[in-house]
Amino acid sequence: MRRRHELTDAQWEKINDLLPGKQTDPGRTAVDNRLFVNAVLYVLKTGVPWEDLPARYGKPNTVWKRFDRWCAAGVWERLAKALGDPELEEVQLDSTTIKAHPVASTGRRTPKEKKTRPTPGDVSGAAGAD
């Protein structure tokens with residue numbers, strides 16, 4: 001049974017011969033090309049970080065390294081051209097990070113950073129107080 005975000009048999013037949021490595025090559029080359037392509041599709045369609053890739057696709061770092069090698073070799077561009085969609089503008093991988101205060105992740109504060117709440121009678125925190 002095909003899972004969501006994975007290639008159908010017809011789609012696989014279209015791209016199988018365009019991928020690097022063949023079943024007849026020595027070693028483990030191309031043993032899991034379909035699984036690898038499905039892993040990349042999963043990341044692209046769901047937007048999850050590589051680290052959150054389901055275990056059924058293998059180790060996330062291994063999948064990412066192979067993805068990076070295929071990018072450098074131009075494999076994805078060749079696939080897009082062969083399938084009739086040479087524009088890859090809609091595929092955007094973002095590695096942006098946002099810095100947050102350490103308290104945002106741990107909830108710990110130093111004694112100097114202790115959060116205080118104003119009391120109802122406290123006018124020092126009121127708007128317009130001088």
Side-chain angles (χ1 to χ4, degrees):
M1 181 175 90
R2 184 179 78 90
R3 296 176 188 244
R4 187 176 2 158
H5 309 303
E6 293 188 353
L7 294 171
T8 64
D9 290 335
Q11 291 170 325
W12 175 247
E13 291 303 318
K14 284 183 181 179
I15 67 167
N16 187 21
D17 295 331
L18 304 172
L19 302 177
K22 302 290 180 253
Q23 292 291 345
T24 57
D25 287 349
R28 294 185 45 93
T29 306
V31 170
D32 59 351
N33 269 351
R34 185 171 185 169
L35 183 66
F36 167 69
V37 172
N38 284 334
V40 172
L41 288 175
Y42 184 87
V43 170
L44 293 177
K45 289 183 178 183
T46 62
V48 300
W50 289 103
E51 297 85 28
D52 294 341
L53 193 65
R56 68 179 177 263
Y57 294 118
K59 295 179 181 177
N61 194 42
T62 303
V63 175
W64 180 84
K65 284 180 183 178
R66 189 171 178 184
F67 171 78
D68 193 45
R69 283 195 311 263
W70 282 25
C71 286
V75 174
W76 301 112
E77 287 83 3
R78 285 196 310 265
L79 285 176
K81 288 178 185 176
L83 295 174
D85 187 13
E87 297 298 323
L88 295 176
E89 292 176 5
E90 293 185 30
V91 176
Q92 299 176 6
L93 297 176
D94 188 11
S95 63
T96 303
T97 58
I98 299 173
K99 291 184 180 181
H101 192 278
V103 174
S105 64
T106 63
R108 297 184 197 132
R109 297 177 189 271
T110 62
K112 294 177 187 175
E113 295 178 312
K114 188 169 183 172
K115 185 176 181 179
T116 59
R117 293 185 180 172
T119 59
D122 186 16
V123 292
S124 63
D130 292 319

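Every value quoted in this text rests on a predicted model; they were computed, and no experiment measured them.
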field: V43 and V63: CA distance, side-chain angles, deciding distance, side-chain contact (heavy atoms from CB on, under 4.5 Å) verdict
entry: CA-CA 10 Å; V43 170; V63 175; over 6 Å; no

- prompt: Are D9 and R34 ion-paired here, with the side-chain N under 4.0 Å from a carboxylate O?
  reply: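 The answer is yes: the pair qualifies as a salt bridge.
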
- prompt: Can you tell if the side chain of R66 reaches within under 4.5 Å of the side chain of N61, non-hydrogen atoms only?
  reply: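 R66 does not reach N61 side chain to side chain.
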
If you measure from [atom1] on [X] to [atom2] on [Y], what distance do you get to the nearest 0.5 Å?
X	Y	atom1	atom2	value
Y42	L53	OH	CG	7.5 Å
Y57	F36	OH	CZ	12.5 Å
L19	R78	CG	CZ	9.0 Å
L41	Q11	CG	CD	8.0 Å
E6	K45	CD	NZ	9.5 Å

message: Restricting to non-hydrogen atoms, name the atom on N33 and the atom on P20 that form the minimum distance, rounded to 0.1 Å.
response: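 Shortest heavy-atom separation between N33 and P20 comes out as ND2-O, 3.2 Å.
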
- prompt: Nearest heavy-atom pair of E77 and C71: which atoms, and what distance?
  reply: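 Reported closest heavy-atom pair: OE1-O, 4.3 Å.
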
field: Atom NZ of K14: over 12 foreign heavy atoms under 6.0 Å
entry: no

query: With a 3.5 Å cut-off and no angle check, do the side chains of R56 and N38 form a donor-acceptor pair?
result: no

query: Which is it for W76 and V40 under the side-chain contact (heavy atoms from CB on, under 4.5 Å) test, yes or no, and what are the steps along the way?
result: CA-CA 11 Å; W76 301 112; V40 172; 4.0 Å; yes

